[in-house]
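Okay, so here's the structure we're looking at.
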Amino acid sequence: DAMVIQNPRYQVTQFGKPVTLSCSQTLNHNVMYWYQQKSSQAPKLLFHYYDKDFNNEADTPDNFQSRRPNTSFCFLDIRSPGLGDAAMYLCATSREVGRARISYNEQFFGPGTRLTVL
Amino acid sequence: KQEVTQIPAALSVPEGENLVLNCSFTDSAIYNLQWFRQDPGKGLTSLLLIQSSQREQTSGRLNASLDKSSGRSTLYIAASQPGDSATYLCAVKEGNNRLAFGKGNQVVVIP
């Protein structure tokens with residue numbers, strides 16, 4: 001089945017120790033998103049790739065970086081995790097067309113990675 | 001700044017009753033609205049997508065309406081079942097491909 005896969009499902013790291021979360025998709029979608037969801041809060045968009053174009057949200061801390069080496073994979077790097085970065089990290093994809101580069105279509109989410117910072 | 005509100009935050013209903021979940025948003029300049037389901041500790045499952053030009057979408061027991069001018073959407077779940085217990089999230093698509101989410105309606109269906 002076509003899907004969005006996130007690894008690992010649970011990640012424990014130490015304060016200040018870099019960590020990388022992985023997302024892959026078999027949907028062949030051209031847009032990939034990273035969201036942060038803290039407990040009992042709404043998911044918040046960190047950034048997204050439209051094809052190879054990286055789009056950062058204005059309020060995303062510099063501590064968060066992303067890489068998309070190919071269509072199928074996208075990584076979230078947290079350079080120096082703080083206690084406040086403990087959250088569920090959700091990857092999503094959508095297939096979009098059009099010159100306006102605006103996404104009208106449904107977003108499909110992976111199961112998430114729960115990050116704990118000790 | 002777009003604000004999405006879902007009321008009530010939590011509700012319980014007896015099995016078999018119809019569920020009505022409300023979502024409101026402050027800026028009507030949206031591209032679409034999507035309803036999601038989230039089980040505890042899990043990711044989001046897309047339920048319905050309504051484009052800004054549409055009034056409603058239906059899938060099985062689920063029906064979602066959209067009144068863009070008044071900034072409202074309603075999700076109806078007919079004949080609720082215990083398996084419908086989850087958190088339901090509403091999200092509107094803004095410019096820059098951003099989905100602005102509400103905090104969700106936490107639903108418990110009592111057998």
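In what follows, chains carry the letters A, B, and so on, assigned in the order in which the sequence lines appear, proteins first and then strands, with residues in each chain numbered from 1.
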Side chain to side chain contact (heavy atoms under 4.5 Å, CB included) evaluation trace for Gln38(B) with Gln37(A): CA-CA 12 Å; Gln38(B) 187 172 32; Gln37(A) 186 181 25; 2.9 Å; yes
Min side-chain heavy-atom separation Lys93(B)-Gln107(A) under 4.5 Å: yes
Members of residues 101-111 of chain B whose heavy atoms come closer than 4.5 Å to chain A: Phe101(B), Gly102(B), Lys103(B)
Arg67(A), CZ atom: more than 12 neighbouring heavy atoms under 6.0 Å: yes
Asn70(A), CG: over 12 other non-hydrogen atoms inside 6.0 angstrom: yes
Residue Arg72(B) excluded, over 12 heavy atoms near CZ under 6.0 Å: no
Path from Leu118(A) to Leu21(A) over hydrophobic side-chain contacts below 4.5 Å: no
Atom pair OH/CZ of Tyr35(A) and Arg98(B) - distance to nearest 0.5 Å: 9.5 Å
Cluster check Tyr33(A), Leu89(B): I/L/V/M/F/W/Y, side chain < 4.5 angstrom: yes
In one Ile/Leu/Val/Met/Phe/Trp/Tyr side-chain cluster, 4.5 Å: Ile30(B), Ile50(B): yes
Joint cluster assignment, Leu19(B) & Leu33(B), ILVMFWY side-chain distance < 4.5 Å: yes
Interface moiety of Ser40(A) toward chain B, non-hydrogen atoms closer than 4.5 Å: backbone
Chain B interface, residue from Pro111(A), Cys91(A), Pro43(A), Gly110(A) that has the most non-hydrogen pairs under 4.5 Å: Pro43(A)
Side-chain polar contacts of residues 9-20 of chain A - donor-acceptor pairs under 3.5 angstrom, sequence neighbours left out - could you list them?
residue: Arg9(A); atom: NE; partner: Gly112(A); partner atom: O; Å: 3.3
residue: Thr13(A); atom: OG1; partner: Lys17(A); partner atom: O; Å: 3.1
residue: Thr20(A); atom: OG1; partner: Asp77(A); partner atom: OD1; Å: 2.7

Criterion side chain to side chain contact (heavy atoms under 4.5 Å, CB included) on Leu99(B) and Leu45(A), from CA distance to verdict: CA-CA 7 Å; Leu99(B) 269 181; Leu45(A) 182 65; over 6 Å; no
Expected output: side-chain Gln34(B) to main-chain Glu106(A) donor-acceptor under 3.5 Å: no
Path from Ile78(A) to Met88(A) over hydrophobic side-chain contacts below 4.5 Å: no
Atom CD of Gln54(B): over 12 foreign heavy atoms under 6.0 Å: yes
Greatest number of heavy atom pairs closer than 4.5 Å to chain A - which of Thr45(B), Leu48(B), Leu49(B): Leu49(B)
Pick from Ala9(B), Ser46(B), Ala91(B) with the largest number of heavy-atom pairs that fall under 4.5 Å of chain A: Ser46(B)
Region of Gln6(A) in contact with chain B, defined by heavy-atom distances below 4.5 Å: neither
